[in-house]
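Step one of this worksheet: look at the structure below.
All chains are named by letter (A, B, ...) in the order of the sequence lines, taking the proteins before the strands, and each is independently numbered beginning at 1.
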2 protein chains.
Amino acid sequence: MITNMNILKNRLMEKGIKPTFQRLKVLEYLSNNLKNHPTVEMVYEELLKEIPTLSLTTVYNTLNNFLEKGLVSGVIITGTEARYDFDTKYHHHFLCKICGKIIDIDLKCGYALGEKRTVSGHRIDEVHGYFKGICKNCYKNLGTKPKGHSSS
Amino acid sequence: MITNMNILKNRLMEKGIKPTFQRLKVLEYLSNNLKNHPTVEMVYEELLKEIPTLSLTTVYNTLNNFLEKGLVSGVIITGTEARYDFDTKYHHHFLCKICGKIIDIDLKCGYALGEKRTVSGHRIDEVHGYFKGICKNCYKNLGTKPKGHSSS
DNA sequence: ATAATTATTATAATCATTACAAAGTAGAAA
DNA sequence: TTTCTACTTTGTAATGATTATAATAATTAT
Ligand SMILES: [Mn+2]
Ligand SMILES: [Mn+2]
Ligand SMILES: [Zn+2]
Ligand SMILES: [Zn+2]
């Protein structure tokens, strides 16, 4: 893990961000949760176990900082809370309305891949794409549930 | 305009929504602002001139109602506020970081057109896509502005 | 060591949205 | 018409995510 921390440290320094303990830990958490697209609260709650003095404000500031420097990417998909993605390579997302998971989607479209520089003559800086629906797994399990006269 | 109001009235009834005065006015406003992708506040502020008793809650409830019934579509793009689109046909959007305009974008991609039913095996219910950048017009005007030592 | 800069923390403020309950409206039943 | 009932609108309070502000701590420069 020491080696991994050094890699993260270098990433911060390359972007001109001073590698403080809190910043390293936030980045480490994101790198360990590639598939989770964590919310601010998730980052905060988890790191609080290790850093009892950690402030929520620091998590907000740190994530905003990372976002500005392009160290992480933001995923706006639920409308109620921002999520963060260690993976800055262009890709889309799928939000399952049943289990709430956010799944990475790779399309071969030129826009989705970030290859195209403009669209309809406008200069593109960011490309965001997402789907909402029912994921493969939840859809399969739908049949196993009672028809509707279930709960309480 | 009477004829137009009747068309809107029918649209509401087709979706099983009782065509009250407030609901008709909200729908009318959206239909007259196809290119604006209005926020809740924009709808409220404008209609308040005509309906001084209008409640912001009603606008929220009405728009949520329309959204559930598929009468309008939602555009989540700024992260800070929801926007609404009278046009429910699948299309993407472009947010200009300079002028703030939200521009309709039509792509020929099967997902953008809403033709594909699944992606990576997951059932698609909604497709959302947007770009952020600098629009054609703002980009053109960039050169005309002083280099940086401008304002006070 | 002292001063200046930057980071972190704690707390309050903001802003969009939702929850809730009171008051109003329209239409059916009596 | 009057009464009853279901639905709509309104006003206000609550919620929840995010940002602003100021105090404290840590780091860097002089
Ligand atoms: Mn992702
Ligand atoms: Mn549109
Ligand atoms: Zn699922
Ligand atoms: Zn523009």
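The minimum heavy-atom distance between A/Leu24 and A/Met5, with the atom names listed, is CD2-O, 3.9 Å. Heavy-atom minimum distance, A/Arg123 versus A/Thr118: CA-CG2, 4.2 Å.
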Notebook entry, point to check: Would A/Ile76 and A/His128 satisfy side chain to side chain contact (heavy atoms under 4.5 Å, CB included), going step by step from the backbone distance to the final call?
Noted result: CA-CA 9 Å; A/Ile76 301 294; A/His128 299 266; over 6 Å; no

Check: Run the side chain to side chain donor-acceptor pair (under 3.5 Å) check on B/His92 and B/Asp106 step by step: do they pass?
Finding: CA-CA 6 Å; B/His92 287 196; B/Asp106 289 299; over 6 Å; no

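Note on B/Met13: it does not cluster hydrophobically with B/Ile17, by side-chain heavy-atom contacts below 4.5 Å among ILVMFWY residues. There is no path of hydrophobic side-chain contacts, each under 4.5 Å, that joins B/Tyr130 to B/Tyr84.
Other members of the hydrophobic cluster containing B/Phe94, listed by chain and number, are A/Tyr90, A/Tyr111, A/Val119, A/Ile124, A/Val127, B/Ile103, B/Ile105, B/Leu107, B/Phe131; membership follows side-chain contacts under 4.5 Å among ILVMFWY residues, whether direct or relayed.
A heavy-atom distance below 4.5 Å is not found between the side chains of A/Asn137 and A/Cys99. Within the 4.5 Å cutoff, the side chain of B/Glu50 has heavy atoms near those of the B/Lys25 side chain.
Looking at residues 10-18 of chain A, you'll see A/Lys18 sit with a heavy atom under 4.0 Å from some atom of DNA chain C. Shown for residues 48-77 of chain A: residues whose heavy atoms fall under 4.0 angstrom of DNA chain C, namely A/Thr53, A/Leu54, A/Ser55, A/Thr57, A/Thr58.
Checking A/Lys9 against A/Asn6 by side-chain atom types alone, no donor-acceptor pair falls below 3.5 Å.
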Filtered N/O pairs between nucleotides 13-15 of chain C and protein, under 3.5 Å:
none

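We find that A/Arg11 and A/Glu14 are not joined by a salt bridge, their nearest charged nitrogen and carboxylate oxygen being 4.0 Å or further apart.
Contact annotation for B/Glu41: no contact, since no heavy-atom pair falls under 4.0 Å across all strands.
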Going by atom type alone, with no hydrogens or angles, which donor-acceptor pairs under 3.5 Å involve a side-chain atom of residues 55-63 of chain B and a protein atom two or more places apart or on another chain?
residue, atom, partner, partner atom, Å
B/Ser55, OG, B/Thr57, N, 3.0
B/Asn61, ND2, B/Thr57, O, 3.4
B/Thr62, OG1, B/Thr58, O, 2.6

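Heavy-atom contacts of chain A under 4.0 Å fall on DNA chain D between two terminal nucleotides, which in 5' to 3' order are D/dA17 to D/dA20.
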